[in-house]
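Since the structure comes first, as structure tokens, the remarks are kept for the end.
Note that ligands are numbered from 1 as they come in the structure, with each ligand's atoms numbered from 1 the same way.
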Amino acid sequence: MINDMESILLTEEELQQRIAQMGREISRDYEGKEPLFIGVLKGCFVFMADLMRQVTIPCGVDFMVVSSYGKSTNTTGAVEIIKDLSQDVYGRHLVIVEDILDTGITLSYLTKYLKNRSPASVSIATLLDKPERRRAEVAAKYVGFTVPDAFVVGYGLDYAEKYRNLPYIGILKPEIYE
Ligand code: IMP
């Protein structure tokens, strides 16, 4: 799989170091609030597993599945909820956990969707932020890394369901998806 990468953007060590910082920050900010972490599948699963183990306060975990790009590298602009939460979030402090904030369409939709259920608060923790491609206004409270406008894979992120198991994040060679 390494031959499909143009370059390695973030190594395993860089990822782990930053995620440990994020976990400490979230633990401090949500002390006494028992937050509910909501993972956006499938991309979040590796990041979320590592982030959760750096959170030192009592918390809950749940997951949602939303439509993704399929085999294309460009968003369709439409968001579909394929799996909803399995619990009531009324009065809870919610932290949405996402792999990458790209156009912002997914997270702006999800934030509004969750706010309609009257939680105490909703914030976003994203591992990566690609601000150059933003089309919908979204503010992430926790951002691991700001990345350039390139298609990245690994550490949960896929292209056509491949590369999620890489322990690092790499920039995919354009000829793989062109
Ligand atoms: P948004 O709605 O455009 O912000 O898209 C968010 C979703 O698009 C992410 O959860 C990813 O599944 C996918 N995505 C966006 N950029 C990339 C990328 O560079 N690599 C892999 N998936 C991506």
Side-chain angles (χ1 to χ4, degrees), residues 1-12 14-15 18-19 22 26 36-52 61-85 94-116 122-178:
M1 288 189 286
I2 192 127
N3 294 330
D4 294 350
M5 300 303 135
E6 190 162 271
S7 61
I8 304 229
L9 188 63
L10 297 162
T11 65
E12 211 173 333
E14 287 169 326
L15 289 165
R18 180 69 187 114
I19 291 164
M22 292 174 86
I26 293 172
L36 177 64
F37 290 93
I38 299 176
V40 186
L41 291 170
K42 300 176 195 169
C44 77
F45 80 107
V46 182
F47 168 49
M48 190 159 177
D50 283 343
L51 181 68
M52 292 301 86
V61 171
D62 207 336
F63 296 95
M64 291 181 79
V65 179
V66 299
S67 61
S68 74
Y69 293 177
K71 281 198 177 177
S72 153
T73 56
N74 262 311
T75 185
T76 56
V79 180
E80 189 193 351
I81 294 186
I82 294 157
K83 184 217 166 281
D84 209 330
L85 295 173
L94 310 181
V95 181
I96 305 174
V97 181
E98 178 60 301
D99 51 358
I100 184 164
L101 176 52
D102 185 23
T103 63
I105 289 167
T106 310
L107 285 178
S108 89
Y109 178 87
L110 265 189
T111 306
K112 280 188 207 120
Y113 183 83
L114 292 170
K115 277 186 176 163
N116 272 338
V122 182
S123 74
I124 293 168
T126 185
L127 178 63
L128 307 178
D129 184 10
K130 230 193 251 180
E132 281 170 55
R133 300 220 331 148
R134 199 75 86 251
R135 277 164 54 194
E137 210 182 302
V138 187
K141 187 170 181 186
Y142 307 98
V143 174
F145 300 90
T146 300
V147 296
D149 182 10
F151 198 78
V152 295
V153 293
Y155 200 71
L157 289 142
D158 75 309
Y159 169 64
E161 294 302 323
K162 223 172 132 181
Y163 310 107
R164 291 193 198 273
N165 56 321
L166 293 175
Y168 55 84
I169 290 178
I171 296 181
L172 196 60
K173 281 183 183 160
E175 65 249 39
I176 305 285
Y177 56 83
E178 265 163 9

| said: Under 3.5 Å between any N/O of Gly104 and any N/O of ligand 1: does that happen in this structure? | reply: yes

| message | Is it true that, when you exclude Glu175 itself, more than 12 heavy atoms of the residues, nucleotides or ligands shown sit nearer than 6.0 Å to its CD? | response | yes

| request: Indicate yes or no for a side-chain donor-acceptor contact from Arg18 to the backbone of Leu127 under 3.5 Å, with no hydrogens or angles considered. | output: no

| Should Val153 be counted as touching ligand 1, given the test is an N or O pair under 3.5 Å? | no

| Would you say Asp99 contacts ligand 1, with heavy atoms under 4.0 Å as the rule? | yes

| task | List the atom of Met64, the atom of Ile81, and the distance in Å for their closest heavy-atom pair. | result | CE-CD1, 3.7 Å

| message | Under a 4.0 angstrom heavy-atom cut-off, which atoms of ligand 1 come close to Ala150? | response | 19 (O)

| said: Quick check on Gly43 - does any of its heavy atoms sit under 4.0 Å from an atom of ligand 1? | reply: no

| Could Arg134 and Asp129 be called an ion pair, given the rule that one side-chain N must be under 4.0 Å from one carboxylate O? | yes

| query | Which ligand 1 atoms does Glu98 reach within 4.0 Å, using its non-hydrogen atoms? | reply | 10 (O)

| Against heavy atoms of Asp158, which atoms of ligand 1 measure under 4.0 Å? | 21 (C)

| query | Which of the atoms in ligand 1, numbered in the order shown and given with their element, are less than 4.0 Å from a heavy-atom of Lys130? | reply | 16 (N), 17 (C), 18 (C), 19 (O)

| task | Could you tell me whether the side chain of Lys115 and the main chain of Val122 form a donor-acceptor pair under 3.5 Å? | result | no

| query | Can you tell me if Lys173 uses its side chain to pair, donor with acceptor, with the backbone of Asn3 under 3.5 Å? | reply | yes

| atom 9 (C) of ligand 1: which of Ile169, Ile100, Leu110 has the nearest heavy atom? | Ile100

| Looking only at heavy atoms, which two atoms of Gly156 and Phe45 are closest? And how far apart? | CA-CE2, 4.0 Å

| message | I want to confirm something. Looking only at heavy atoms, which of Asp102, Leu41, Thr106, Val40 is nearest to atom 2 (O) of ligand 1? | response | Thr106

